[in-house]
Amino acid sequence: MIGLADCNNFYASCERVFNPKLKNKPVVVLSNNDGCVIARSNEAKLLGVKMGEPAFKIKSLIKNHDIAVFSTNFALYGDFSDRVMSILKSEIDNVEVYSIDEAFLDFQGIDSLAKAEYIIQKVKKWTGIPISIGIAPTKVLAKLANTIAKKYTNKGVFLLDSPSLINRALSFFSVDELWGIGSRYAKRLKYFGINTALDFRNTDRKWLRKNFSINAVHLQKELYGKSIYELETKKVRKKNICTSRSFFEDINNYSRLRQAISQFANNCAVKLRKEKSCCSCVTVFLRTNFFKQDKKQYFPAITLNFPTPTNDSMEIVSMANMALKKIYKKEFNYKKAGVIVQNIVPADYVQMSLFDQINRKSRRKIMSSVDKINLLMGRDKIYLASQSARNRIEMKQQRLSPCYTTRFSDILKISI
DNA sequence: TCTGGGGTCCTAGGACCC
DNA sequence: TCTGGGGTCCTAGGACCC
């Protein structure tokens, strides 16, 4: 049996931990630049706040119902995620951390209901985060069981095991609630009269294979209780690493854009070194504002290759800036830009080049010193000149909560 | 006025090979 | 009249996830 542990309204719950006044109050968390709603408490959901809705469209709703609004505080959420995951790992041997707020648990040979209830209480007590656990024979069914646990139980646990129970659940859920069926597939399936999860499971396999992808067939098998998606407990190397941002204000100025690309490229390099990986190429993309449809759009991207795979900030930043130079056109205003590093290989498995001009040994030493200092003294204490620390490209984050658990100056003070 | 960021996988079609 | 067959690799685009 597989369990899926999922934090309830995770970001909103994190904001509540050190702010008890928010209990039973509607809470929403916004995306970067305070743009869209990306998390809602149950109370906010009941008020009709939709996922992904632009904040400016619900201004009056926020005001009328006194909804608490927060900018994203990833330092806080990331730290809470680590805490929750480590508790799960202390209770269950095989845990697959699937996302910032979800993990699959190996419940094989365990009295799963009792264990799940215990874990929920422990996580709540130790971190303040409410979680739900769904248990079933496959991952897809565990996802469904989790939805039931979250929405229709008091304890937050649901065991979906017997065939008759599974059948009942499948007939109850709409096909678009299945894990792996998004809005596009749902629309097409409904067009063919496949409305419930049960309809989907009973669809002819060959027809599914022909009209959808192999994933649809896998999904169907999982619904029959045949496990296709195994528990993956080993950490896998990322295949792409991307840093991109929308700008609060459009950027037209080349040197400003260069500064942003330098920041993004350096960020990718830092992430690569953290993963002990090297990349073989770097992609830079720009994008004008899609929402300004009256303006002419431009969304170029270019990929440049490295002669030798690298995770050296200086190399990656200068290559990214070369790429920017090739695609930049001064007649456009840019809303978003990003850097992607790809074709990633393990750092200790790099094919050397015969004509390499760089002294890699000393470069590695420099980079590891920079990483150490920045880890100790704070992010970007040492940076490349092209990143230009003064006048950095900042995000709009007007409702940022303190980093209660990761910054000494933000630790909660109470007077007794 | 204002609209996120970071990933993965699959497939069709083109380019190329013998 | 009549235009092969079998294969690989790469890429862009589309779909999905949180």
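Treat the numbers as computed from the prediction; the structure is a model and nothing was measured. To find a chain, count down the sequence lines: A is the first, B the second, and so on, and within it residues start at 1.
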Spacing between [X] atom [atom1] and [N] atom [atom2], to the nearest angstrom:
{"X": "Q397(A)", "N": "dG4(B)", "atom1": "CD", "atom2": "P", "result": "14 Å"}
{"X": "E275(A)", "N": "dG6(B)", "atom1": "CD", "atom2": "P", "result": "14 Å"}
{"X": "I344(A)", "N": "dG6(B)", "atom1": "CD1", "atom2": "P", "result": "14 Å"}
{"X": "I340(A)", "N": "dG6(B)", "atom1": "CD1", "atom2": "C1'", "result": "10 Å"}
{"X": "L30(A)", "N": "dG5(B)", "atom1": "CG", "atom2": "P", "result": "13 Å"}
{"X": "M395(A)", "N": "dG4(B)", "atom1": "CE", "atom2": "P", "result": "13 Å"}
{"X": "D34(A)", "N": "dT1(B)", "atom1": "CG", "atom2": "C1'", "result": "15 Å"}
{"X": "I393(A)", "N": "dG4(B)", "atom1": "CD1", "atom2": "C1'", "result": "17 Å"}

### Residue whose nearest DNA chain B nucleotide is more 5′ - F212(A) or G35(A)
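It is G35(A), whose closest nucleotide lies nearer the 5' terminus.
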### Message
Go nucleotide by nucleotide along DNA chain B from the 5' end; which of F56(A) and I214(A) gets its closest nucleotide reached first?
### Response
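Mapping each residue to its closest nucleotide by heavy atoms, the 5'-most match is F56(A).
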### Message
With the threshold set at under 4.0 Å for non-hydrogen atoms, list the residues of residues 281-315 of chain A touching DNA chain C in residue-number order.
### Response
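Residues of residues 281-315 of chain A under 4.0 Å from DNA chain C: none.
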#### Entry: side chain to side chain contact (heavy atoms under 4.5 Å, CB included) partner of R399(A), chosen from N73(A), T72(A), V69(A)
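Result for side chain to side chain contact (heavy atoms under 4.5 Å, CB included) with R399(A): V69(A).
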#### Entry: Listed nucleotide nearest any side-chain atom of K59(A), set dG5(B), dG6(B), dT1(B)
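Shortest atom-to-atom distance from the side chain points to dT1(B).
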### Query
Of all the choices, dG5(B), dG4(B), dC2(B), which nucleotide is nearest to the side chain of K336(A) once you look at every atom?
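Among the listed nucleotides, the one closest to the side chain of K336(A) is dG5(B).
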### Task
Quick one, give me the B/S/- string for nucleotides 7-18 of chain C, reading 5' to 3', where B means a protein heavy atom under 4.0 Å from the base and S means that only happens at the primed atoms, P, OP1 or OP2.
--------SSSS
Need one value for [X]: base, sugar-phosphate or nothing, where a base atom within 4.0 Å counts as base even if backbone is also close, heavy atoms only.
{"X": "N215(A)", "answer": "sugar-phosphate"}
{"X": "R209(A)", "answer": "sugar-phosphate"}
{"X": "K396(A)", "answer": "nothing"}
{"X": "K57(A)", "answer": "nothing"}

Ion pair check, [X] and [Y], cut-off under 4.0 Å:
{"X": "K25(A)", "Y": "D66(A)", "answer": "yes"}
{"X": "K235(A)", "Y": "E275(A)", "answer": "yes"}
{"X": "E96(A)", "Y": "K139(A)", "answer": "yes"}
{"X": "D176(A)", "Y": "K190(A)", "answer": "yes"}

### Query
Can you check side chain to side chain donor-acceptor pair (under 3.5 Å) on N311(A) and S277(A), steps first, answer last?
CA-CA 7 Å; N311(A) 59 19; S277(A) 292; over 6 Å; no
#### Entry: DNA chain C stem ranges, 3 or more consecutive Watson-Crick or G-U pairs under 3.5 angstrom
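Paired runs of 3+ in DNA chain C: B:5-18 with C:5-18.
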### Query
Within the structure, does a side-chain N or O atom of S244(A) lie under 4.0 Å from either OP1 or OP2 of dG6(B)?
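Checking dG6(B) against S244(A), a side-chain N or O does come within under 4.0 Å of OP1 or OP2.
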### Message
Taking 4.0 Å as the cut-off, does a side-chain nitrogen or oxygen of K238(A) come that near to OP1 or OP2 on dG6(B)?
### Response
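Checking dG6(B) against K238(A), no side-chain N or O comes under 4.0 Å of OP1 or OP2.
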#### Entry: Test of ring centre spacing under 6.0 Å for F70(A) and Y11(A)
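No, the ring centres sit 6.0 Å or more apart.
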### Query
Do Y404(A) and V17(A) come within less than 4.5 Å of each other through their side chains, counting heavy atoms only?
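No - every pair of side-chain heavy atoms lies 4.5 Å or more apart.
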### Query
Do we get K115(A) above F107(A)'s six-membered ring, with its NZ or CZ under 6.0 Å from the centre and within 45° of the axis?
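Pair K115(A)/F107(A) does not count as cation-pi.
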### Message
Under a 3.5 Å threshold, yes or no: a donor from one side chain and an acceptor from the other, between S313(A) and N266(A)?
### Response
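Result is yes, a qualifying pair exists.
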Name the orientation class of the two ring planes belonging to [X] and [Y] (parallel below 30°, tilted from 30 to 60°, perpendicular beyond 60°).
{"X": "F212(A)", "Y": "Y185(A)", "value": "perpendicular"}
{"X": "W207(A)", "Y": "F192(A)", "value": "perpendicular"}
{"X": "Y334(A)", "Y": "Y328(A)", "value": "tilted"}

